[in-house]
Number of protein chains: 2
Amino acid sequence: MSLIFSRQCEYALQAVLYMSAQPEKRFTNIVEMSDRLGIPMPFLGKTLQLLVQKKILQSQKGPKGGFKLAKVADEIALFHVVDAIDGTEFLTSCVLGFPECSSKNPCPMHSEWGRLRDRVYQMLANKTIADISKEISGSRQLRTKLKLV
Amino acid sequence: MSLIFSRQCEYALQAVLYMSAQPEKRFTNIVEMSDRLGIPMPFLGKTLQLLVQKKILQSQKGPKGGFKLAKVADEIALFHVVDAIDGTEFLTSCVLGFPECSSKNPCPMHSEWGRLRDRVYQMLANKTIADISKEISGSRQLRTKLKLV
DNA sequence: CATATATCAGACCTTTCCATCTGAAAATAG
DNA sequence: CTATTTTCAGATGGAAAGGTCTGATATATG
C-alpha cells in the first residue's frame, strides 16, 4: 500500500481544518468532530492530544471544553501538522530504500526524486490552514463536504 | 510514518535493478540477491514470485535457476514494478483522506496535489529499468553501492 | 459543593505488513 | 535414475499501525 500520509495524519489534518472553520473562541469537542468527519472517536482523541503536546492545538477539559487552534490559522502550515504526526523521515529517506543513500553517495533516483520531494515540501510548508480555510468558506460545496453549516 | 512505497516494493525495485545489471541470459538466485542487497531471503522470494505472476520476471527452478527480467529492460517502467507490488491507489485516493473526494467534488488540496501526483506518475511511468541501469553502469560509485562487480 | 461533561493516561485488542518455516515440485548435473 | 539445487505454496510467527476500553482528572454550571 503506497501512500503519503498515515491515516492518523489524515485524521489530524481533517480535524484541524474543521476547527479552523469554527468561530475563534470556540472549543470543539471530539464527539462532534468524530461524528461529522467519520473518524473513530477515541483514536481522534489520542491524535489531537499529540497536536496539543506539539503546541498546535489548545485543549480544555469539562463542559464547553474541547480543542481549538493554539495559534492563528495563518501561522500553522500543513507541514507542522504532518511533522507532528508522521515526522519528517520522508524528506531524507531514499525512495528505493537504500540505507546508505545520500547526496554524496546517491542512488540512481536520488536527484530526480529529490526535486519532486522538494516540491512536496514547498507545498506543505507554504500552504497554511488559513489558506485552505479561505477556500472552504468561499465554496458552498466544500462546506457541505466538511459537514459545516 | 509517511513514506511512498512499501518496504516490499523497495525490495522489488532493488532486486529488479540488480538483475538488470546482470548478463541477459543469467538467472540470478535469491541467495545471491538477498545477500548482496541485505534483504531477508524468504521475503524476497515471496516478493519476486509476485513479479513473476505479473510477467515482469521469469523464473526457473533447479541448479542454475533463479530469476531474470521477462522483457528487455527498456520495456519495464518503474511504474510497472510499483503497480505490481503496491497497486495504484495512491494515484486516485485523496491526500487528506476524504472518501468522497473526486474531481467533481474536490477537497481543498485536490487540484494542487493532483499536479504533484501527476509528476510522480510521469516520472515512474517514463523512467525505465534500462535508463537506470545505464546510469549504474556509467558510475563506479553506483556499481559499488549495488555490490556489483 | 455536587454533578455532569469533557480531556487525559495507560493498558489492551485487532488488523495489516513484514518475516520465517516447512515441505513439495521442478530442473540440472552426474 | 539419483542427488542436489533451486523456486513454489501454504501455514505460521512477530512487529507496528490502527482502534477500543477504563478510570482518573479537570472544569463549567447550577
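Lettering follows sequence order; numbering is per chain, from 1.
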- Message: From CZ of A:Arg7 over to P of C:dT16, roughly how many Å is that when rounded to an integer?
- Response: 9 Å
- Protein-nucleotide distance (B:Glu10, atom CD; C:dC17, atom P), rounded to Å: 15 Å
- Task: Whole angstrom is fine here: how far is it from NZ in A:Lys64 over to P in D:dG30?
- Result: 9 Å
- OP1 or OP2 of D:dG19 sitting under 4.0 Å from any side-chain N/O of A:Gln8? no
- Query: Near A:Lys71 NZ, under 6.0 Å, is it more than 12 heavy atoms from other residues, nucleotides or ligands?
  - Reply: yes
- Query: For A:Gln49 and B:Gly62, take the nucleotide of DNA chain C holding the closest heavy atom to each; which residue's nucleotide lies nearer the 5' end?
  - Reply: A:Gln49
- Item | For atom CZ of B:Phe27 and atom C1' of C:dA26, their distance in whole Å | 13 Å
- Taking all heavy atoms of A:Ser34 and all of A:Leu44, pick out the closest pair and write down the distance. N-CD2, 3.7 Å
- Message: Is there, by distance only and without an angle test, a donor paired with an acceptor across the side chain of A:Lys46 and the base of C:dG10 below 3.5 Å?
- Response: yes
- Verify the contact: side-chain N or O of B:Gln60 to OP1 or OP2 of C:dT28, cut-off strictly under 4.0 Å; return yes or no. yes
- 5′-ward residue of the pair B:Pro63/B:Leu48 relative to DNA chain D: B:Pro63
- Query: Base, sugar-phosphate alone, or nothing: which one does A:Pro40 contact when heavy atoms must sit under 4.0 Å apart?
  - Reply: sugar-phosphate
- Task: Could you state the atom-to-atom distance from CG of B:Leu44 to C1' of C:dC17 in whole Å?
- Result: 16 Å
- Message: So A:Gly45, base contact, sugar-phosphate only, or nothing? Heavy-atom distance under 4.0 Å.
- Response: nothing
- Query: At under 4.0 Å, does any side-chain N or O of B:Tyr11 touch on OP1 or OP2 of C:dA19?
  - Reply: yes
- Message: For A:Trp113 and B:Phe5, take the angle between the two ring planes, folded into 0 to 90°, and tell me which bin it lands in: parallel under 30, tilted 30 to 60, perpendicular over 60.
- Response: tilted
- Item | Short side-chain N/O contact from B:Ser59 to OP1 or OP2 of D:dT6, under 4.0 Å | no
- Sugar-phosphate only, base, or nothing, as touched by B:Phe67 at under 4.0 Å among non-hydrogen atoms: sugar-phosphate
- Message: How long is the straight-line distance from CD1 of B:Ile30 back to CG of B:Asp35, given to the nearest 0.5 Å?
- Response: 12.5 Å
- Task: Would you kindly give the CZ-to-C1' distance between A:Phe43 and C:dT7, to the nearest whole Å?
- Result: 17 Å
- Separation of D:dA28 P from A:Arg26 CZ (nearest whole Å): 16 Å
- Item | First encountered from the 5' end of DNA chain C, between B:Lys61 and A:Gly65 | A:Gly65
- Note on the structure: From CE of A:Met19 across to P of C:dT7 the rounded distance in Å is 10 Å
- Between B:Met19, B:Gln58, B:Arg26, which is the residue that forms a side chain to side chain contact (heavy atoms under 4.5 Å, CB included) with B:Phe67? B:Met19
